[in-house]
Peer 1: 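My structure is below; once you've seen it, I'll send some questions.
Just so you know, these numbers come straight off a predicted model, no measurement behind them. Numbers restart at 1 for each chain; the letters A, B, ... are given by sequence-line order, proteins then strands.
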Amino acid sequence: MTFYSILFPGSEDPLAREAAEAPEFFKDMNLHQVIDAITVGKDIYNLKPLFYTCVPDTDVIAYRHEVLRDLEDEELLKNLKSFAQEMTTMRDYLTQASKVTDDRQKQRWFLDAVGIFCAGIDQLARDLALAKLNSVALSAFRDYLSAYVGSSSFKALASETRKLQTDLESVRYSTLILGSGTFKVTKYKEGLNYSAEIERTFEKFKQGAPKAYQYQFPSLPHLNVVEAKVLEFVTQLYPEIFANLSAYCARYANYEEKPIQIFEREIQFYISYLDYIEAFRRTGLKFCYPKITTDSKEIYCDGGFDIALASRLVAEGHSVVCNDFYFKDPERIFVVTGPNQGGKTTFSRQFGQAHYLAGMGFLVPGRAARIHLFDYIMTHYERDEYMTNLQGKLQDDVVRIHEILERATPSSIIILNEIFSSTALQDALFLSKRVMQRIVDLDALCVWVTFVDELASYSEKVVSMVSTVVPDNPAIRTFRVFRKPAEGVAYALTIAEKYGLTYDRLKDRLSL
Amino acid sequence: MKVCLLHPENNFVAPPLPWNERALAQDLGLDTVFGVMAQRDKFLFSAIRDVVLASLTTDVDTILYRQSVLQDCLKHPTVVRELYAIAVKGVECENKGYWAFFGKYPTGLLNRSLELINMLVDVLRKLRHLAEKQAQGVDSDGFRNLFARLKTELSEEYLRDIHTHLKDLRFIDGTLITAKLGEGNRGTDYVLQKSPVKRSRLQRLFGLDKQPGFTFRLHPRDQRGAKALGEYNEKGITQTATVLGQSADYILSFFKTLRTELAFYVGCLNLHEALTSKKEPVCFPIPVKAEERQHTFTELYDVGLALSVRPKVIGNDFKAEHKELVIITGANGGGKSTFLRSVGLGQLMMQSGMFVGATSFTANICPNLLTHYRREEDETMRSGKFDEELQRMSEIVAHLAPNSLLLFNESFAATNEREGSEIARQIVCALLERGIKLFFVSHQYTFTSGFDAKEWDNVTFLRAERKEDGTRTFKLIQAEPLRTSYGEDLYNKIFEVSSSAEAATEPELAVGTGSRSSGFGKPE
């Protein structure tokens, strides 16, 4: 079986599908932060385009779920990470080789890079052979790799590399430096180690840990004139070894294999995500493989959360509030109302992120989840940058909603947050109802965060969700969002109470 | 090579100051005592403070070890001061000369270390001479062993050996450095080699050394090359320079330890002179194990007070065996706080191995000494103050170990008597059960009367004495608490109210405190 990709089934060039730009909904869903955090320190792999490519496909999702299930084997995951580490070191060596001009330096960096490559590949092949692999993707790669490692060309590369490294490690030399700018380089001859002698003499005064004297010598990649001259003499003292090194480098200039390079990058797609969610899992938060439906829209997610927010909370040592949601036919639309700062926007992000992650073939936050296979996620959030021009903002809102509704299909996800807030309630009510009717007719899945309570009971397709505060102390936010009829003025009163602005309180305070 | 004047086996290494160092200093008046011991010498002050405050962890044997060293010191004060002067001289070598800033290269360190060790060897020799001269006159294990070590370890042969090394390390013959090839074929693992045979430069380069090799001579004006060769040489000597630098540090730290340990005894000499010149008595105390309960002394006085006032101070006698709680009551200004301070100071001085300001003193040692004093703060913030008191108490509890000694001075009085007494009672009962030894100065009759001596055989009472006519003797007598604390006396004295008016108010007050005591657990 030929190996192509561990991200996509089939033989199409995976690179051809990659998106260079983030999807539009990334910003509203705070997914930029999430992807930045996932890919931090991994620039070398150029992973972001892989995360930007969100074209949900049941085959792709299944292909990736298989790989992720294989990677639940901790031993395998650890081995893959150490392989990645080896390859990174190898690349560092090659970078060093490209920085220096002295051929003997270049050649040594190259030799050692290949040494790391051979050991890493050899180890990976053994690790994969021992692992229990069920995924089509990893099995195909294992088969490819075992054939490569067994090939005579790889064997020759590995043994020649080892031989040369051993030879070079055996090289020892002495330098005699005289005050007049003269130095002589000879092969190594046994002498007395001076520092050991000094140490012995003053042994009796020793007590406690010695002070560490640190000396930094300029460490440029290049050798300075004396180092270069000394190396030249050493080359002449051991001519055969260095001749072999030159010949070796010419012979193996193109030792890297394309499928291995592809694998090295693509496996990071999985590793980086698993590493990212590990921090959450350690605090007890759950992730699950979502079921993917194409016909039913009875989706659900138990114990999910906004990963962008959770990542901040976990880092600060706070606990994360989880929320459930589900649709039973004919429900399609969540209308979220309730006090500010109560978790409404967070809920809408949780919903969108769950769909995106499921569409990417990842595990999603939550104990259990079923997600509808969507075609697009379309979002419209109130943005600060509009605030300067209220007239313009309403217009922008309407234009944007129009665009969304033009593009949306019954399989789309639509997420709206506080739109039409820049107009009179009458206008907002009117516009909202019109848009709501369009979404109802479309039969798309939607989350709509709004202050227009009337929307919460608009249709049998609408589910009312309400954010909550602790009843006795409205200052404490719960960040929980429940299925519950919209409460109208009740929570407005609680907040007014908190600030002492209810009628009774105001009367007392003003002593009228 | 160890000093071991403070401990039979270990050199003194100053641990961090106890967390309650400030409270101890303030409550026991330590700065006055340390000040007299240090004679305005900043180093002496901090060394003495470090030693004394680290001494709560010493065991009985160590205390006795120090006592015998101190007795030698009292016999030969001039020798001790001379020894101390030599130690100071050794330490001061570090900051002498131009090499204080020895640059960023190993050569700098190497040269500085050569000079430094050269000077230190001279001081070591002086030290040995002194040890040889005085070895006969000392009796304590501490001094006898130290002098013996100095004689054998610093023999003239050894010191000459050092000199030879120092000469070799000037590398008149050039340096021989071995190396291997590291990353990117850059040289690594540079090791400076000592040539076993002395040869001249020319012989080495062209003659005797027949080793095949390649020689290069930099152009005399090749500055870049000269710099690079210098750097190569620096790398070669790094390891050796580091080891030499560390050796110099070790010798210095020997002198530093010697100076610190002697500083304590010099401080004791200073204090001894100050007290004896005032004709105040001192004695060597008898420490007993921490698990025992013993606190017996005669004429114990507050050393800090004795050092800061002109007249002779009044000492107290006290005998307490198997007692765990000492409750001190009585008239204001009757010497309660002074007594409490003298108890704390006596304990601390005993455990440091010092003499104590008393004619006799014996007590069990304690692994921890803590004070909880009422702090004078803004009276208007009453609730905040009580809160602060309890917070401090909570910190103390976090640091308690069994057999600790805890001194309370008017604690938990920043609230009304019933609440304060109840809190104090609960705290004290809990501490007694944890094996903590307590001295508690209190005005709160509800609290103090609760520990009836008939029922509590581990409790004893002291009372500031007040004569019939209202004058104070500043003596404390072993006696149960009285219902009033004679605050009126002070009032009368300061407001100059006639004594006939006093008699009329006293019974009322007594009834008042008596009725408040009804909330307390034990029947009278």
Peer 1: Tell me if the CD atom of A/E316 is crowded by more than 12 foreign heavy atoms within 6.0 Å.
Peer 2: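 Counting neighbours around CD of A/E316, more than 12 heavy atoms of other residues, nucleotides or ligands fall under 6.0 Å, so yes.
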Peer 1: B/D222 versus chain A, heavy atoms under 4.5 Å apart: side chain, backbone, both or neither?
Peer 2: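 B/D222 has no heavy atom closer than 4.5 Å to chain A.
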Peer 1: Does B/Y250 have A/K204 sitting over its ring (NZ/CZ under 6.0 Å from centre, angle to axis within 45°)?
Peer 2: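 The answer is no; the distance or angle limit is not met.
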Peer 1: Quick check on the interface: out of B/A226, B/A248, B/S253, who has the most heavy-atom pairs with chain A under 4.5 Å?
Peer 2: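 Result: the option with the highest number of such pairs is B/S253.
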Peer 1: Does any heavy atom of chain A fall under 4.5 Å from the side chain of B/A179, the backbone, both, or neither of them?
Peer 2: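 Both parts, backbone and side chain.
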Peer 1: Please give me the minimum heavy-atom distance between A/V226 and B/A228, naming the atom from each residue.
Peer 2: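 Smallest interatomic distance, heavy atoms only, reads CG2-CB, 3.5 Å.
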Peer 1: Distance from B/L244 atom CG to A/Y194 atom OH, nearest 0.5 Å?
Peer 2: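 Here the rounded value is 9.5 Å.
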Peer 1: Quick check: under 4.5 Å, non-hydrogen atoms only, which of residues 233-252 of chain A neighbour chain B?
Peer 2: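 The list, in residue order, reads A/F233, A/V234, A/Q236, A/L237, A/F242, A/L245.
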Peer 1: For a quick test of reading the model, state the closest non-hydrogen atom pair linking A/S174 to B/L176 and the distance between them.
Peer 2: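 Residues A/S174 and B/L176, closest heavy atoms: CB-CD1, 4.2 Å.
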Peer 1: Flag the one option from A/V225, A/N224, A/V230, A/I198 with the top tally of heavy-atom pairs under 4.5 Å to chain B.
Peer 2: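 Sorted descending by pairs with chain B, the first entry is A/I198.
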Peer 1: Determine the option with the most heavy-atom pairs under 4.5 angstrom with chain A, choosing from B/G236, B/G245, B/A241, B/G230.
Peer 2: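 So the answer, after comparing B/G236, B/G245, B/A241, B/G230, is B/G245.
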Peer 1: Please state whether the side chain, the backbone, both or neither of A/Y188 comes within less than 4.5 Å of a heavy atom of chain B.
Peer 2: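 Both parts, heavy atoms under 4.5 Å.
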Peer 1: Is there a donor-acceptor contact under 3.5 Å from the side chain of A/Q207 to the main chain of B/K2?
Peer 2: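 Flag not set: sc A/Q207 to bb B/K2 has no pair under 3.5 Å.
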Peer 1: Non-hydrogen atoms of chain B under 4.5 Å away: do they reach the side chain of A/A209, the backbone, both or neither?
Peer 2: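 Just its backbone gets close to chain B.
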Peer 1: Just wondering, are more than 12 heavy atoms of other shown residues or ligands nearer than 6.0 Å to CD in B/E156?
Peer 2: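 More than 12 heavy atoms, drawn from other residues, nucleotides or ligands, come within 6.0 Å of this atom.
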Peer 1: Quick check on B/D249 against chain A: is it the side chain, the backbone, both or neither that has a heavy atom closer than 4.5 Å?
Peer 2: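 Contact with chain A: side chain only.
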Peer 1: Quick one: what part of B/L252 sits under 4.5 Å from any heavy atom of chain A, side chain, backbone, both or neither?
Peer 2: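 For B/L252, there is no contact with chain A at all, as no heavy atom is under 4.5 Å.
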Peer 1: Around atom CZ of B/R125, are there more than 12 heavy atoms of other residues, nucleotides or ligands at under 6.0 Å?
Peer 2: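 More than 12 heavy atoms, drawn from other residues, nucleotides or ligands, come within 6.0 Å of this atom.
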Peer 1: Which distance, rounded to the nearest 0.5 Å, do you find between the OG1 of B/T215 and the CG of A/L176?
Peer 2: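 Interatomic distance, B/T215 OG1 to A/L176 CG, rounded to 0.5 Å: 8.5 Å.
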Peer 1: Please check if the side chain of B/R186 supplies one atom and the backbone of A/H222 the other of a donor-acceptor pair under 3.5 Å.
Peer 2: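 Yes, the answer is positive, given that a donor and an acceptor are paired below the 3.5 Å cut-off.
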Peer 1: So, does A/Y213 use its side chain to make a donor-acceptor pair with the main chain of B/L109 at under 3.5 Å?
Peer 2: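 Here the side-chain-to-backbone pair does not exist.
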Peer 1: I need the A/Y215 OH to B/T107 OG1 distance, nearest 0.5 Å.
Peer 2: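 Going from OH on A/Y215 over to OG1 on B/T107, the span is 8.5 Å.
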Peer 1: Heavy-atom pairs under 4.5 Å with chain A are the metric here; pick the option from B/I237, B/D189, B/T240 that has the most.
Peer 2: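 Winner by heavy-atom pair count: B/T240.
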Peer 1: Are A/F183 and B/N233 packed together at the side-chain level, in the sense that at least one heavy-atom pair is separated by less than 4.5 angstrom?
Peer 2: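 With C-beta onward as the side chain, the pair stays apart.
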Peer 1: For each of B/K227, B/K235, B/H219, B/R224, tally heavy-atom pairs with chain A at distances under 4.5 Å, and name the one with the top tally.
Peer 2: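 Heavy-atom pairs under 4.5 Å are most numerous for B/K235.
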Peer 1: Distance check, rounded to the nearest 0.5 Å: A/F205 atom CZ versus B/L124 atom CG?
Peer 2: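 A/F205 atom CZ to B/L124 atom CG measures 4.5 Å (nearest 0.5 Å).
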Peer 1: Could you check whether A/Y93 and B/E183, counting side-chain N and O atoms only, form a donor-acceptor pair closer than 3.5 Å?
Peer 2: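 Yes - a donor-acceptor pair under 3.5 Å links their side chains.
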Peer 1: For a quick check under 3.5 Å, do B/Y232 and A/T175 share a side-chain donor-acceptor pair by atom type?
Peer 2: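 The answer is yes; a qualifying pair exists.
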Peer 1: State the CZ-NZ distance between B/F216 and A/K184, to the nearest 0.5 angstrom.
Peer 2: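 If we round to the nearest 0.5 Å, B/F216:CZ and A/K184:NZ are 16.0 Å apart.
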Peer 1: More than 12 heavy atoms of other residues, nucleotides or ligands under 6.0 Å from NZ of B/K89: is that the case?
Peer 2: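 Atom NZ in B/K89 is not crowded, with 12 or fewer foreign heavy atoms closer than 6.0 Å.
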Peer 1: Which of the residues A/K206, A/E197, A/E227 is involved in the greatest number of heavy-atom pairs with chain B at under 4.5 angstrom?
Peer 2: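 Most heavy-atom pairs under 4.5 Å with chain B: A/K206.
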Peer 1: Non-hydrogen atoms of chain B under 4.5 Å away: do they reach the side chain of A/V100, the backbone, both or neither?
Peer 2: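 Contact with chain B involves no heavy atom of A/V100 at all.
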Peer 1: If you apply the rule side-chain contact (heavy atoms from CB on, under 4.5 Å), what do you find for B/I177 with A/I177, and how did you get there?
Peer 2: CA-CA 8 Å; B/I177 297 158; A/I177 301 176; 3.8 Å; yes
Peer 1: For chain A, which of B/T257, B/L192, B/L218, B/D161 has the most heavy-atom pairs under 4.5 Å?
Peer 2: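 Most heavy-atom pairs within the cutoff with chain A belong to B/L192.
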Peer 1: Under 4.5 Å from any heavy atom of chain A, what part of B/T238 do you find: side chain, backbone, both or neither?
Peer 2: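 Interface part for B/T238: side chain.
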Peer 1: Which heavy atom in B/Q239 sits nearest to a heavy atom in A/S195, and how many Å separate them?
Peer 2: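 For B/Q239 and A/S195, the tightest heavy-atom pair comes out as CD-OG, 3.4 Å.
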Peer 1: Counting N and O atoms only, with roles assigned by atom type, does the side chain of B/N185 sit under 3.5 Å from a partner on the main chain of A/R104, one being a donor and the other an acceptor?
Peer 2: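 Looks like yes, one N/O pair under 3.5 Å.
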Peer 1: Quick check: closest heavy atoms across B/L229 and A/G181, and the distance to 0.1 Å?
Peer 2: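 In terms of heavy atoms, the two residues are closest at CD2-CA, 3.7 Å.
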Peer 1: What part of A/Q105 gets within 4.5 angstrom of chain B, counting heavy atoms only: side chain, backbone, both, or neither?
Peer 2: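 For A/Q105, the contact with chain B is made by backbone and side chain together.
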Peer 1: Tell me, side chain or backbone of B/I117 under 4.5 Å from chain A's heavy atoms, or both, or neither?
Peer 2: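 Side chain only.
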Peer 1: Does any non-hydrogen side-chain atom of B/I162 lie less than 4.5 Å from one of A/F202?
Peer 2: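 Side-chain contact under 4.5 Å: yes.
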Peer 1: Please test B/S247 against A/T201 for side-chain contact (heavy atoms from CB on, under 4.5 Å), starting from the C-alpha separation and ending with a verdict.
Peer 2: CA-CA 9 Å; B/S247 300; A/T201 303; over 6 Å; no
Peer 1: Say you draw a straight line from OG1 of B/T178 to NZ of A/K187; how long is it, rounded to the nearest 0.5 Å?
Peer 2: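 Here the interatomic distance stands at 15.5 Å.
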